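Because the structure is predicted, anything quoted here is derived from the model rather than measured. In what follows, chains carry the letters A, B, and so on, assigned in the order in which the sequence lines appear, proteins first and then strands, with residues in each chain numbered from 1.
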Number of protein chains: 2
Amino acid sequence: MAPETRPANRRGEILDHASRLFSAHGYDGTAIRLIARASGVTEAAIYRHFDGKAQLYDEVIRAKAREHDIAGDLAASRGHGSVEDILRVVANHVLSLARRDPELVRLMSNSSLENDQGRATIFREVRIPYIEFLVEEITRRMAAGEVRRIDPVITSRCFVGMVMDCALNAGMWSRFAGVEVDAQTVICNNVPIFARGLTNDGVASPSNDGV
Amino acid sequence: MAPETRPANRRGEILDHASRLFSAHGYDGTAIRLIARASGVTEAAIYRHFDGKAQLYDEVIRAKAREHDIAGDLAASRGHGSVEDILRVVANHVLSLARRDPELVRLMSNSSLENDQGRATIFREVRIPYIEFLVEEITRRMAAGEVRRIDPVITSRCFVGMVMDCALNAGMWSRFAGVEVDAQTVICNNVPIFARGLTNDGVASPSNDGV
DNA sequence: GGGCAGAGTCAACGTTCGCTCACCTCGTCA
DNA sequence: TGACGAGGTGAGCGAACGTTGACTCTGCCC
């Protein structure tokens, strides 16, 4: 077959196609042959760029996770607003990330036990930034008296877990309840509940309450 | 090979071994040969009992999910105690289920996208019972004025999602934080937060607060 | 006793898997 | 000009995969 024009970044192309296919069919369900065909090269060419399937998968996960600067995005909101505002920032970011990058969502829910390392990589790159941001904010506000005495780490992990679970299982919700639930509706319902449970006075916050 | 004694319930034995292996290695990662060897029969024998690998997997999921009568367990707590008590019942049940049946947990987090049906089965058999119980309880207590005006369905789904995420990712927690967090500690921290956010007066409940 | 159905074995089918080898074709640079 | 390395091809390796067909054994019913 005539290679009309040889692309400058074949490696990146392979990574893109591999990412799409891995997220669609899982690790075991995606054959190197398939990635090669999608990338317009032979399998041997892939082995010029990557050491093997496992390493290719790891690179896919790493690249996908590093595409987003979660910690950087969140840093802009550091120390601003009420606890409720902070929770809203985190929830909004998670859900918009899931909407913008469905492949990442599928990789997150796909990571099998064989590839425990990939699972850990996603956890570290995607989940930890949210948790650490939240821990810091909650701890600060607990010291200031805005937040009741709770365990900031457990609380942050569980809140992030709740939002992640929401993003991961959005498809299931519509399947079983019939109705599609908007992400904003979920946030408007749940963030105030959590915020109210966290704050010291039982009232959500001095911010706007009218929704 | 001499069949010393022919077991009465070969089919059940195969299901058991298949369940263990599928939960350990995933769908694609578990070969029929492996299940056969573990069950002490040949592969052909498995095809005497099941139509194929996909059907075997589906039966595994179905059997595993039906092992537990979640709705029946919860029914005993219907209408009793405060909202906080109800949340605690649900959280306790989920986490004790996860502790008693690690295979189920692994099947839940393993279900790949190829086997979307298995994923839906688990969702329906395991998650829905919790959600429906919670929706009913919250709706009742909202009518009675104990609970603020929120969306019972969204709230229930998110609470169950939070607890499920907690159960599913317990292994990751210990890996990244180093310390193992006890399930009871998580419940004692989070259930009151959620309950306080739900109730009308901002105070958790008339129940005991001393922990 | 004879036929039969269920349960199991053995051997193999065709396919797909991850991966490798020998070879080719460029652009680069001394 | 010519050596060379990066990047690509085509063929094919051995192994593992899901699945099947022909056969055997065994207990049960007529």
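- Here dG7(D) presents its P atom at 10 Å from CG of Asn9(A), a figure rounded to the nearest Å.
- Qualifying side chain to side chain donor-acceptor pair (under 3.5 Å) partners for Gln55(B), counting only residues two or more places apart in sequence or in other chains: Glu59(B).
- One interatomic measurement links the two molecules: NE2 of His25(A) to P of dC17(C), which rounds to 12 Å at whole-angstrom precision.
- Contacts of Ala31(A) with the nucleic acid, taken as non-hydrogen atoms under 4.0 Å apart, involve only primed sugar atoms and P, OP1 or OP2.
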- request: Using a 4.0 Å heavy-atom cut-off, write out nucleotides 19-24 of chain D from 5' to 3' as B (base contacted by protein), S (sugar-phosphate only) or - (no contact).
  value: BBBBB-
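- The distance from atom CZ of Phe50(B) to atom P of dG6(C) is 16 Å, rounded to the nearest whole Å.
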field: Audit row: Arg10(A), Glu13(A), salt bridge (charged side-chain N to carboxylate O under 4.0 Å, His left out) steps and yes/no
entry: CA-CA 5 Å; Arg10(A) 203 16 88 64; Glu13(A) 275 189 12; 3.6 Å; yes
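- Aromatic ring orientation, Tyr27(B) versus Phe22(B): parallel (interplanar angle below 30°, classes split at 30° and 60°).
- The phosphate of dG8(D) has OP1 or OP2 within less than 4.0 Å of a side-chain N or O from Arg10(A).
- Contact annotation: His49(B) side-chain N/O to dG6(C) OP1/OP2 distance is not under 4.0 Å.
- Residue pairs meeting the ring pair (Phe, Tyr, Trp, His ring centres under 6.0 Å) criterion with at least one member in residues 119-143 of chain B, sequence neighbours excluded, are Phe176(A)-Phe123(B), His93(B)-Tyr130(B).
- Comparing Ala45(A) and Leu34(B) against DNA chain D, the residue whose closest nucleotide sits nearer the 5' end is Ala45(A).
- Every residue was checked against the side chain to side chain donor-acceptor pair (under 3.5 Å) condition with Ser156(B), not counting sequence neighbours, and none meets it.
- Judged as a side chain to side chain donor-acceptor pair (under 3.5 Å), and not counting sequence neighbours, the contacts of Arg66(A) are Glu125(A).
- Spacing between atom CG of Leu56(A) and atom C1' of dC19(C) amounts to 13 Å, rounded to whole angstrom units.
- Remark: Arg48(B) pairs with no residue by the side chain to side chain contact (heavy atoms under 4.5 Å, CB included) rule, at least two apart or across chains.
- Distance Ile46(B) CD1 to dT9(C) P: 10 Å, rounded to the nearest Å.
- Look at CD on Gln55(B): it is 14 Å from C1' on dG18(D), rounded to the nearest Å.
- Atoms CG (Asp28(A)) and P (dT16(C)) sit 17 Å apart, rounded to a whole Å.
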